[in-house]
Number of protein chains: 2
Amino acid sequence: MISVVILGAGNVATHLFRGFSLAENVSVTQWYSRNLTTVEQYKNEVDITDDLSDLKVADVYIIAVSDDAVAKLSSKLEFENRMVVHTSGSVGIYDLDKKHNRGVFYPLQSFTKGAAMDFANVPICIETVDKKSYPLLKTLAKNLGSPVQKVNSDQRRVLHLAAVFVNNFTNQLYRIGHEITESEGAEFDMLKPLIVETAKKIEDLSPYRAQTGPAKRHDKKTIKKHLKQLDDNNHHKAVYELLTKSIQKTHGRKKL
Amino acid sequence: MISVVILGAGNVATHLFRGFSLAENVSVTQWYSRNLTTVEQYKNEVDITDDLSDLKVADVYIIAVSDDAVAKLSSKLEFENRMVVHTSGSVGIYDLDKKHNRGVFYPLQSFTKGAAMDFANVPICIETVDKKSYPLLKTLAKNLGSPVQKVNSDQRRVLHLAAVFVNNFTNQLYRIGHEITESEGAEFDMLKPLIVETAKKIEDLSPYRAQTGPAKRHDKKTIKKHLKQLDDNNHHKAVYELLTKSIQKTHGRKKL
């Protein structure tokens with residue numbers, strides 16, 4: 001049985017708490033939040049506290065707070081030589097106080113408040129300063145049912161950056177699609193099967209091979225038509241132009 | 001039983017042929033291609049021809065050729081007053097020769113050569129000049145198992161444009177994610193669950209509400225870090241900057 005203390009009360013902390021509660025070989029010993037009301041609803045399931053000097057002994061302390069607060073919180077922990085990990089994609093492992101046995105336990109997924117998350121779809125990126133600690137974190141992730149990957153800090157940083165492209169920026173393209181369709185009274189819902197298909201397509205095909213459309217075909221006539229349609233929205237037009245250029249940069253000149 | 005003649009031998013034509021072959025109440029009477037070798041492999045399943053003067057009588061003629069070729073092919077058909085539809089998102093219904101009973105049968109999906117397509121995931125956008133013809137096309141689409149929507153030419157054009165954003169441009173963001181991760185020896189595969197989750201999230205939530213990340217949070221520190229990581233690729237940097245701006249334009253200033 002692995003004992004865990006969770007520190008923080010945001011989305012990641014809450015999803016981890018739910019995940020560990022379902023795990024057979026993990027017990028959450030305690031849940032810390034500086035603001036007790038945020039975790040009060042769980043007080044019948046787990047020991048809660050807002051007092052760092054009151055933290056119990058556990059195998060792993062998981063710091064799941066905002067990026068800026070990780071380092072400071074880790075140094076405020078009053079014990080030494082215990083396993084302390086953070087869950088951030090962009091904070092370095094050495095930002096944790098060196099009095100701890102340091103690690104990273106980064107779930108590569110976008111958590112939504114309220115919505116349940118199947119951890120089978122949440123790869124956990126693990127890094128440890130002391131490689132002897134890796135198996136413990138791996139077992140912890142496996143108990144969630146998650147795929148596990150050893151990922152160093154540089155790799156984690158690029159995964160976090162790439163996640164912004166494939167998650168935040170992609171979602172913004174959905175938003176633009178929404179604005180464009182609604183502007184003509186067309187239904188955005190009609191695009192949803194295409195959106196899911198686009199995501200699923202790259203499970204078997206590289207994004208390079210999966211690319212289609214007027215930009216890749218250098219279909220100037222259609223591109224011109226589209227730009228004309230976007231004439232009353234310079235902003236959408238700029239996105240269209242830049243991503244068309246981006247596709248053409250990736251795929252090169254049209255074959256004659 | 002609805003009889004159909006397919007004209008063209010590209011992705012859409014081939015997928016429609018497969019779809020209709022499985023449909024109970026549709027029979028494909030003939031398949032025309034100007035280049036017979038492209039459809040020769042189907043000659044035991046359907047009558048094939050490369051001769052427009054040899055076309056048989058059918059309830060519906062489906063022109064599934066490149067956008068530029070639709071108008072000309074429709075005018076070369078040697079009969080009149082029969083139902084002739086095209087399958088293009090961006091060609092007008094009046095581009096079909098007016099001697100025909102004109103319609104549009106636009107499948108809003110991205111077809112991949114070779115990969116099977118479940119037509120339940122392919123909304124068909126239907127438009128007819130003569131509204132009495134609508135039920136026939138609707139029945140045809142229903143026979144494929146597809147959702148059907150009446151869509152006028154303006155709506156179809158914005159759906160086609162929006163499809164470029166949510167399909168082609170989204171796929172290019174996947175490609176950039178691929179380039180970024182591979183550059184550090186991280187695995188793009190790790191991002192696939194996030195990609196699928198991002199697409200699925202908007203089934204219940206509007207893209208507006210689904211947005212997360214540093215751009216929406218106006219998290220200047222993370223944005224600055226990311227831009228620095230992209231310093232050796234001006235192109236990726238430009239995409240990052242523009243889409244960050246786009247998200248901030250949609251979601252407004254940070255609440256203080």
Side-chain angles (χ1 to χ4, degrees), chain A residues 90 108-110 121-123 149 151 154-155 157-159 161-178 180-181 184-186 190-199 201-203 207-208 210-213 215 222 225-226 229 235 238-239 242-243 246-247 249-250, chain B residues 90 108-110 112 121-123 149 154-155 157-159 161-178 180-181 184-186 190-200 202-203 207-208 210-213 215 222 225-226 229 235 238-239 242-243 246-247 249-250:
Chain A
S90 61
L108 186 41
Q109 189 46 278
S110 161
N121 298 322
V122 184
Q149 192 81 27
V151 167
D154 286 342
Q155 291 169 333
R157 261 187 282 268
V158 298
L159 283 168
L161 173 59
V164 168
F165 280 87
V166 304
N167 173 246
N168 304 155
F169 293 168
T170 288
N171 186 72
Q172 181 63 8
L173 294 181
Y174 300 162
R175 164 69 191 185
I176 293 174
H178 197 175
I180 291 172
T181 46
E184 282 290 345
M190 300 273 291
L191 292 165
K192 288 182 177 175
L194 177 62
I195 284 171
V196 170
E197 187 66 24
T198 304
K201 206 171 177 178
I202 58 153
E203 287 183 10
Y208 183 87
Q211 191 58 265
T212 58
T222 302
K225 255 193 218 176
H226 283 165
Q229 281 178 263
H235 178 65
V239 173
L242 184 61
L243 285 168
S246 180
I247 291 170
K249 197 173 145 61
T250 297
Chain B
S90 61
L108 185 42
Q109 191 46 280
S110 161
T112 310
N121 298 323
V122 185
Q149 192 81 27
D154 286 342
Q155 291 169 334
R157 260 187 283 266
V158 297
L159 284 167
L161 173 59
V164 169
F165 279 87
V166 304
N167 173 246
N168 305 155
F169 292 168
T170 289
N171 186 73
Q172 180 65 7
L173 293 182
Y174 301 162
R175 165 67 190 183
I176 293 174
H178 198 175
I180 291 172
T181 46
E184 281 290 346
M190 299 274 289
L191 292 165
K192 288 182 177 175
L194 177 61
I195 284 170
V196 170
E197 186 66 23
T198 303
K200 282 190 177 162
I202 58 151
E203 288 183 9
Y208 183 86
Q211 191 58 265
T212 58
T222 303
K225 255 192 219 178
H226 284 165
Q229 280 178 266
H235 177 65
V239 173
L242 185 61
L243 285 168
S246 180
I247 291 170
K249 197 173 144 59
T250 297

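Order of the sequence lines fixes the chain letters, A, B, ..., with proteins taken first and strands second; residue numbering starts at 1 for each chain.
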Interchain contact, A/V196 with chain B, by part (heavy-atom threshold 4.5 Å): both
Sidechain-backbone polar pair: A/Q149 side chain, B/M190 backbone, donor-acceptor under 3.5 Å: no
Exercise: identify the closest heavy-atom pair between A/A186 and B/Q155: CB-CB, 4.0 Å
Engaged part of A/V239 at the chain B interface, taking heavy atoms whose separation is under 4.5 Å: both
Under 3.5 Å: donor-acceptor pair, side chain of A/Q172, backbone of B/S246: yes
Heavy-atom contact with chain A under 4.5 Å, split by part of B/H226: both
Contact summary for A/L194 and B/A163, nearest pair of heavy atoms: CD2-CB, 3.5 Å
Atom group of A/T222 that falls short of 4.5 Å from chain B, counting heavy atoms: side chain
Between B/T198 and A/N171, a side-chain donor and acceptor under 3.5 Å: no
A/H178, part contacting chain B, at a heavy-atom distance under 4.5 Å: side chain
Contact summary for B/G177 and A/V166, nearest pair of heavy atoms: CA-CG1, 4.3 Å
Spacing of B/R175 atom CZ and A/I202 atom CD1 [to the nearest 0.5 Å]: 12.0 Å
Distance-minimising heavy-atom pair for A/L108 and B/L191: CD2-CD2, 4.0 Å
Minimum heavy-atom distance between B/S90 and A/K225, given as atom pair plus value: O-NZ, 3.0 Å
Contacting moiety of A/P123, where chain B heavy atoms sit under 4.5 Å: side chain
Options B/E197, B/H235, B/K249, B/K192, ranked by heavy-atom pairs under 4.5 Å with chain A, top entry: B/H235
Heavy-atom proximity to chain B below 4.5 Å, by part of A/I176: side chain
Nearest non-hydrogen partners of B/F165 and A/I180, listed with the distance: CE1-CD1, 3.5 Å
For chain B, the option from A/I195, A/L242, A/T250, A/N168 that forms the most heavy-atom pairs under 4.5 Å: A/N168
Among A/T170, A/L243, A/L161, residue most engaged with chain B (heavy-atom pairs, under 4.5 Å): A/L161
Best-contacting candidate, A/N121, A/T181, A/I247, against chain B by heavy atom pairs under 4.5 angstrom: A/I247
